[in-house]
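Before any comments, here is the structure.
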Amino acid sequence: MKLTPDNISEVDFGKSELIPAIVQDYATGVILMQGFMNLEALQVTFEKKLVTFYSRSKSRLWTKGESSNNVLKLVEAHTDCDKDSILILANPAGPTCHLGTESCFEDAKPDLAFLGTLEKVIKERKNADPESSYTASLFAKDLSRSCQKVGEEGVEVALAAMKQDKEELLNESADLIYHLLVLLQRTDLNLSQVVETLAKRHQ
């Protein structure tokens, strides 16, 4: 069930005052961390739009990143079928783990999660110095150049497939996906919207 400030009273804190809360990166799907929430922590999370837990060691509410500034910006919150655990979808502002890594479960990342990471990097380089990276240089050029690159890479993918050269097909496919992500960013679209379109077609 998707949670809102109006229905959080439906979360079952009857079995335990503290229930587990899993935080997942909204863009990549990577599980970032797990903490515990009481009702007040959940309320504050919605009020501040920042993920807030109840710290068992400090015996108080604790907003993730309150000292490091590596906050978790709330996107959505859900409860499971028994309504006694919480899943938070968030956008992290920096590494989540106190060890300085992206996730507290650093070695458990789905392969496709990298697409979300790559999209973030591309977006960050929109206004960067064109001399600093190839991505920034693409944004500095006319839109037609990005359109051309997508077309060229699409043809290269098809040619590699026709030659049955798997290594070349992988490399050209990677180039095509990268340049497509750049083009989407240039037109104020994103990968999530493409996935949503595919999902609607599947229905």
Side-chain angles (χ1 to χ4, degrees), residues 22-33 51 64-65 68-76 87-97 99-203:
I22 303 290
V23 183
Q24 184 176 23
D25 189 315
Y26 179 72
T28 68
V30 170
I31 300 299
L32 298 175
M33 68 173 293
V51 180
K64 176 69 180 74
S68 67
N69 291 322
N70 295 329
V71 296
L72 295 167
K73 300 175 183 179
L74 174 69
V75 178
E76 293 178 1
L87 176 66
I88 302 286
L89 302 181
N91 286 320
T96 296
C97 184
L99 298 177
T101 55
E102 174 190 6
S103 165
C104 295
F105 306 92
E106 190 60 17
D107 58 350
K109 293 181 182 177
D111 289 340
L112 292 180
F114 181 71
L115 285 177
T117 301
L118 178 59
E119 187 173 51
K120 283 183 180 180
V121 172
I122 290 171
K123 186 175 182 180
E124 289 168 358
R125 294 184 181 171
K126 259 187 174 182
N127 300 310
D129 181 357
E131 300 294 325
S132 66
S133 75
Y134 175 69
T135 302
S137 72
L138 286 175
F139 283 114
K141 294 173 182 173
D142 190 77
L143 174 63
S144 61
R145 179 55 179 160
S146 289
C147 296
Q148 179 185 1
K149 288 300 295 182
V150 170
E152 289 174 356
E153 299 302 343
V155 171
E156 293 294 336
V157 167
L159 291 174
M162 286 296 295
K163 290 191 295 183
Q164 298 186 29
D165 186 331
K166 292 186 177 180
E167 183 175 358
E168 186 177 349
L169 179 57
L170 286 172
N171 285 320
E172 296 299 346
S173 295
D175 288 345
L176 174 59
I177 290 172
Y178 162 77
H179 284 96
L180 177 60
L181 289 175
V182 171
L183 182 60
L184 288 171
Q185 283 295 319
R186 296 198 64 162
T187 54
D188 296 320
L189 296 173
N190 57 56
L191 190 58
S192 293
Q193 290 170 290
V194 175
V195 172
E196 183 180 349
T197 299
L198 287 170
K200 287 179 179 177
R201 291 181 183 179
H202 179 68
Q203 292 171 1

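None of these values were measured; they are calculated from a predicted model.
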Intermediate values then yes/no, side-chain contact (heavy atoms from CB on, under 4.5 Å), Leu184 and Asn190: CA-CA 6 Å; Leu184 288 171; Asn190 57 56; 5.9 Å; no
Residues Glu102, Lys109; criterion side-chain contact (heavy atoms from CB on, under 4.5 Å); working and verdict: CA-CA 10 Å; Glu102 174 190 6; Lys109 293 181 182 177; 2.6 Å; yes
Leu74/Ile88 under side-chain contact (heavy atoms from CB on, under 4.5 Å): CA gap, chis, key distance, verdict: CA-CA 7 Å; Leu74 174 69; Ile88 302 286; 3.9 Å; yes
Residues Glu196, Lys200; criterion salt bridge (Lys or Arg N to Asp or Glu O under 4.0 Å); working and verdict: CA-CA 6 Å; Glu196 183 180 349; Lys200 287 179 179 177; 3.6 Å; yes
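Within a 6.0 Å radius of OH in Tyr26, no more than 12 heavy atoms belonging to other residues, nucleotides or ligands are found. Within 6.0 Å of CG on Asp129 lie more than 12 heavy atoms contributed by other residues, nucleotides or ligands.
The nearest pair of heavy atoms linking Thr101 to Ser103 is OG1-O, 2.9 Å. Closest approach of Leu183 to Ser146, counting heavy atoms only: CD1-CB, 4.0 Å. Residue Pro130 comes nearest to Ser137 through the heavy atom pair O-CB, 3.6 Å, listed as atom of the first residue, atom of the second, then distance.
With rounding to the nearest 0.5 angstrom, the CG atom of Leu143 is 12.5 Å from the CZ atom of Arg145. Between the CD atom of Glu152 and the CG atom of Asp175 there is a distance of 11.0 Å, given to the nearest 0.5 Å. The structure places NE2 of His179 at 10.0 Å from CD of Gln148, a figure rounded to the nearest 0.5 Å. In this structure, CG in Leu32 is found 11.5 Å from CG in Asn70, a value given to the nearest 0.5 Å. One finds the CG atom of Leu169 at 11.0 Å from the CG atom of Leu159 (value rounded to the nearest 0.5 Å). Distance check, rounded to the nearest 0.5 Å: CG of Leu180 to CG of Leu189 gives 10.0 Å.
Under a 3.5 Å cut-off, the side chain of Lys126 and the backbone N or O of Gln185 do form a donor-acceptor pair. Under a 3.5 Å cut-off, the side chain of Gln24 and the backbone N or O of Leu89 do not form any donor-acceptor pair. Side-chain atoms of Arg186 do not come within 3.5 Å of backbone N or O of Cys147 as any donor-acceptor pair.
In this structure, Val23 and Lys64 have side chains that are not in contact, with every pair of non-hydrogen atoms separated by 4.5 Å or more. Inter-residue side-chain proximity for Phe105 and Val30 is flagged as unmet; no heavy-atom pair is nearer than 4.5 Å. Between Val121 and Thr135, the closest side-chain pair of non-hydrogen atoms is not below 4.5 Å. Between Phe139 and Val182 the shortest side-chain heavy-atom distance falls below 4.5 Å. With a 4.5 Å cut-off on side-chain heavy atoms, Asn171 and Glu156 do not count as touching. By the 4.5 Å heavy-atom criterion applied to side chains, Asn91 and Leu72 are not counted as neighbours.
A side-chain contact (heavy atoms from CB on, under 4.5 Å) with Phe114 is found for one member of Leu118, Asp111, Leu112 and no other, namely Leu118.
A salt bridge does not link Glu124 with Lys120: none of the charged nitrogens is closer than 4.0 Å to a carboxylate oxygen.
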